[in-house]
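The structure under discussion appears below in the form of structure tokens.
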Amino acid sequence: MVYYAGVDLGATNVRAIVAEADGTTIGTSRRSTPRGPTGIDVTEGVLRTLREACGDAGIDPARIAAAGIGSIGPFDLAEGAVIDPANLPASIDRIPLTGPIAKLIDSEDVYLHNDTIAGVIGERFHADRNPDDMVYITISSGIGAGVCCDGEIMSGWDGNAGEVGHCVVDPRGRLTCGCGRDGHWEAYCSGNAIPDYTRLLAEDDPTISTSLPLEGSEFTAKDVFDLAGEDELADHVIDQLAHWNAIGVTNVVHSFAPIVVSFGGAVALHNEALVVDRIRERVSEMVMTNVPEIRVTDLGDDVVVEGALASALTEGTGDRRRLRG
Ligand SMILES: [Zn+2]
């Protein structure tokens with residue numbers, strides 16, 4: 001019997017799952033992502049987590065035929081490593097992944113993707129009709145997309161395709177993105193951006209009443225969504241977020257003609273009615289081509305690790321016709 005593994009390397013947690021050839025999970029593990037001091041320490045944390053998932057499954061790692069990894073980026077794909085990740089300490093410059101995992105499982109069959117590409121692989125694999133054209137969009141601390149178009153998972157030559165959060169949605173460029181440029185989608189609508197955007201809207205119209213703790217250091221996106229329907233400013237912010245989100249999603253739909261757009265990430269998962277339902281309403285008015293199904297992932301927080309496993313099961317594609325075993 002052969003086994004398959006999926007690994008999710010995030011800025012906060014490392015997760016691993018081990019499954020049988022039909023995708024049935026038989027072992028899992030989860031640890032905090034090591035904060036360094038070096039990238040090798042992160043690699044070792046990943047290997048430890050994968051070994052623990054194998055232990056949980058009661059198998060030797062060498063019996064794993066293939067592994068998929070969904071990871072924070074950016075990547076050096078040729079080297080199978082993460083390079084200078086933005087959300088980990090600066091001392092971490094290089095996290096080798098593909099080589100060390102291949103060595104652990106004694107197989108060269110290791111697929112490395114960024115987390116949103118792993119997301120679209122998992123969403124495609126688990127979707128009803130296993131569509132050839134779909135997009136996965138995460139709205140969390142940042143915004144990004146994984147795209148499958150004409151049955152091809154789009155990664156780009158360097159693995160960095162789908163950075164749609166850095167598309168300009170506001171030509172006035174009123175807010176500056178974490179990347180340093182103005183007007184980007186994630187500078188308005190990501191979980192990290194929503195507090196600043198809320199303060200900007202409050203300054204624009206001081207007559208809007210609010211009980212949001214705008215100046216508090218603990219003010220977060222969650223505070224805005226928690227006051228929906230009860231606070232004039234919160235409702236205004238949520239409405240404006242829908243406006244920018246719908247522009248971003250419409251651009252993606254016009255670019256790739258997906259039949260399904262699936263959302264994940266904490267902001268979308270925790271606020272389906274306030275975020276995703278409103279995107280659906282607006283996008284249906286804004287798209288001049290076919291309007292896709294717009295939904296929230298059924299996989300919840302597991303979407304990346306399940307996508308990594310689906311990649312291992314289907315040679316990096318999420319295409320169920322390519323299931324092995
Ligand atoms: Zn940007």
Side-chain angles (χ1 to χ4, degrees), residues 9-12 70-77 82-90 92-93 95 113-120 135-147 149 154-201 203-204 219-222 224 237-238 240-256 258 261-269 271 275-276 278-279 282-283 286 303-304:
L9 171 57
T12 312
S71 173
I72 50 173
F75 300 116
D76 179 338
L77 269 196
V82 174
I83 307 296
D84 297 325
N87 298 320
L88 289 174
I92 297 174
D93 56 355
I95 307 170
H113 313 280
N114 76 27
D115 40 17
T116 52
I117 293 174
V120 76
V135 174
Y136 168 76
I137 297 176
T138 181
I139 307 180
S140 57
S141 51
I143 293 177
V147 176
C149 188
M154 303 180 74
S155 64
W157 72 275
D158 55 359
N160 297 320
E163 289 283 4
V164 298
H166 302 282
C167 289
V168 172
V169 292
D170 181 5
R172 291 174 300 166
R174 299 190 69 205
L175 286 170
T176 301
C177 188
C179 75
R181 306 282 174 177
D182 297 334
H184 291 182
W185 184 2
E186 77 172 43
Y188 292 69
C189 300
S190 66
N192 287 353
I194 289 170
D196 274 346
Y197 187 39
T198 303
R199 285 187 276 262
L200 181 71
L201 291 177
E203 284 166 23
D204 282 351
F219 175 45
T220 66
K222 183 174 182 297
V224 175
V237 171
I238 290 164
Q240 290 302 301
L241 292 174
H243 171 75
W244 301 121
N245 278 330
I247 291 173
V249 173
T250 299
N251 289 341
V252 171
V253 171
H254 285 149
S255 300
F256 301 108
V261 177
S262 178
F263 282 89
V267 174
L269 287 173
N271 305 290
V275 175
V276 180
R278 295 189 185 198
I279 292 172
R282 286 170 185 255
V283 165
M286 293 165 67
V303 62
V304 174

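First listed ligand is number 1; within each ligand, the first listed atom is number 1. Reckoned from all heavy atoms, side chains included, excluding hydrogens, waters and symmetry mates.
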Residue pair Ile139, Val275: steps toward the side chain to side chain contact (heavy atoms under 4.5 Å, CB included) verdict:
CA-CA 10 Å; Ile139 307 180; Val275 175; 4.2 Å; yes

Handout entry: Closest non-hydrogen atom pair, Phe75 against Val82
Key =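 Looks like CE2-CG2, 3.8 Å.
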
Indicate the atoms forming the closest heavy-atom contact of Ala193 with Cys189, along with that distance.
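Heavy atoms of Ala193 and Cys189 come nearest at CB-N, 4.3 Å.
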
*For the Zn ion (ligand 1), report each protein N, O or S atom nearer than 2.8 Å, sorted by chain and then by residue number.*
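Listed by chain and number, the nearby protein N, O or S atoms are His166 ND1, Cys177 SG, Cys179 SG, His184 ND1.
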
Practice item. Give the ring-plane orientation class for Trp244 versus Tyr188, where under 30° counts as parallel, over 60° as perpendicular and anything between as tilted. Key: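 Answer is tilted, since the angle falls between 30° and 60°.
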
Exercise for the section: Dump the intermediate steps for side chain to side chain contact (heavy atoms under 4.5 Å, CB included) on Val135 and Val120, then the final yes or no. Expected result: CA-CA 6 Å; Val135 174; Val120 76; 5.6 Å; no

Between Asn192 and Ser190, a side-chain donor and acceptor under 3.5 Å: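 Ser190 and Asn192 do not have a side-chain donor-acceptor pair below 3.5 Å.
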
